[in-house]
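Read through the structure below, which is laid out as structure tokens, and then see the notes.
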Amino acid sequence: MEKCQPFACHRFHPLINLLKMMPVSNSGTEMFKVGVSRPEVVSILEQELDTAILNEMHPWLWLVAKKSSQHVDSLHEHVFKNRTITIAENPALHLVWMYDRVYLKPIPCELLNYRFWINFLIPQVGQLSYTTQSGQLTQSSQQNSQADYEIDSLSSTCQIALGFLRTYSLLIQHESDFVIAQSSNLIPKSITYPEFEDFISAFRFIGDEVVSKRYMYGQFRLTRLNWAVRLCRPASATNKTIFPWYYHEMRWQTADYLRDYGAVAVFIFAVLSLILSSLQVMIAVQALPTRSSFLRFSWVFSIITMIFCASLVFATILGIIVLLLVQTQFAARMKYKKGF
């Protein structure tokens with residue numbers, strides 16, 4: 001059975017204790033005072049971070065995304081690609097991008113609190129005690145916090161939290177990323193870059209075996225997730241609608257649909273109009289008793305027009321099929337190359 005340190009890195013313990021560094025981390029300690037039970041906290045945190053649809057579609061996600069947890073653009077790269085950083089409290093939208101925007105969920109303050117991890121997330125090795133005056137961990141608590149844990153003993157909520165914070169270790173790799181994150185309200189403004197880097201760097205050493213299924217992947221494209229939902233029809237999505245069309249609906253007005261699908265409708269209408277007009281010309285020429293050179297030219301031109309329209313439609317369909325095959329081949333090659 002594989003074992004790991006609390007967070008797969010020996011540096012994790014001394015760096016994550018932000019109680020002395022950040023006033024905001026005190027929010028996590030309030031739970032100790034009001035006597036909130038571990039199951040209640042775990043349930044709330046799971047609602048805050050769980051990605052049920054992506055976990056359910058995990059066996060097929062390699063078809064719509066690169067099978068790599070490192071496939072995450074840092075924040076300055078998103079800015080370089082002209083993507084607007086948009087806050088999304090829905091965990092299902094974390095690290096999902098669409099055209100000119102990327103959705104990111106801010107880090108919950110509790111996940112920056114060392115005692116919160118000890119009390120509510122990592123396996124309970126023994127009874128942990130805390131000093132009440134200075135807020136520091138006792139020696140016995142520190143020894144328990146650095147014990148080895150069976151990977152299978154990590155709760156699903158702990159695995160989700162580990163995977164979530166690992167994405168931030170990839171999103172924020174430079175001080176410029178840190179500045180962007182604070183200006184976008186993704187992390188508390190009371191923490192400095194050296195402190196945050198000391199904390200988050202430990203998560204870069206975490207392997208896929210200790211995170212939830214969703215975080216075995218990096219960022220997703222929303223348009224592809226929409227197609228994945230239509231084809232896979234996960235139960236988590238079908239509970240909301242009989243036939244799910246979207247992973248997440250992004251159109252709220254009729255004008256949005258007209259903008260996105262209007263060009264396709266105009267193209268289909270134009271092709272059908274050309275074909276019907278050509279057929280009318282051909283029928284009219286055939287009905288005439290005599291045929292001049294102009295009529296013969298009209299008949300031939302109508303045939304050429306129909307062939308052109310048919311070729312255009314065929315080329316469009318063939319191009320889509322080829323593109324899908326190339327993307328599927330690339331996805332399959334990446335999947336089997338990594339041994340998944």
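Numbers for residues simply follow the sequence, beginning at 1. What you see is a predicted model, and the numbers here were worked out from it, not measured in a lab.
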Say whether, by atom type as modelled, one donor and one acceptor occur between the side chain of [X] and the main chain of [Y] under 3.5 angstrom.
| X | Y | result |
| --- | --- | --- |
| Asp100 | Arg83 | no |
| Thr167 | Phe164 | yes |
| Gln173 | Leu170 | yes |
| Glu110 | Phe116 | no |
| Ser184 | Leu186 | no |
| Glu56 | Ala235 | yes |
| Tyr217 | Trp62 | yes |
| Ser43 | Glu40 | no |
| Tyr215 | Gln159 | no |

Next item on the list: Ignoring hydrogens and angles, state whether a donor on the side chain of Ser74 or His174 is under 3.5 Å from an acceptor on the partner side chain.
Entry: no

Any side-chain heavy atom of [X] within less than 4.5 Å of one from [Y]?
| X | Y | result |
| --- | --- | --- |
| Cys158 | Trp117 | yes |
| Arg166 | Asp208 | yes |
| Arg214 | His58 | no |
| Ser212 | Leu49 | no |
| Leu154 | Leu162 | yes |
| Thr223 | Tyr99 | yes |
| Gln182 | Ile191 | yes |

Notebook entry, point to check: Nearest 0.5 Å, what's the CD1-CG distance between Ile200 and Leu112?
Noted result: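 It comes to 8.0 Å.
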
Next item on the list: With rounding to the nearest 0.5 Å, note down the distance linking CD1 in Ile85 to CG in Leu75.
Entry: 4.5 Å

Check: Heavy-atom count around Lys105 NZ within 6.0 Å, excluding the residue itself: above 12?
Finding: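 It does: Lys105 NZ has more than 12 such atoms within range.
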
Next item on the list: Assess Arg230 against Trp227: is NZ or CZ under 6.0 Å from the centre of the six-membered ring, and within 45 degrees of the ring's axis?
Entry: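 Ring-cation test returns yes.
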
Next item on the list: Could you tell me how the ring of Phe301 sits relative to the ring of Phe297: parallel (under 30°), tilted (30 to 60°) or perpendicular (over 60°)?
Entry: parallel

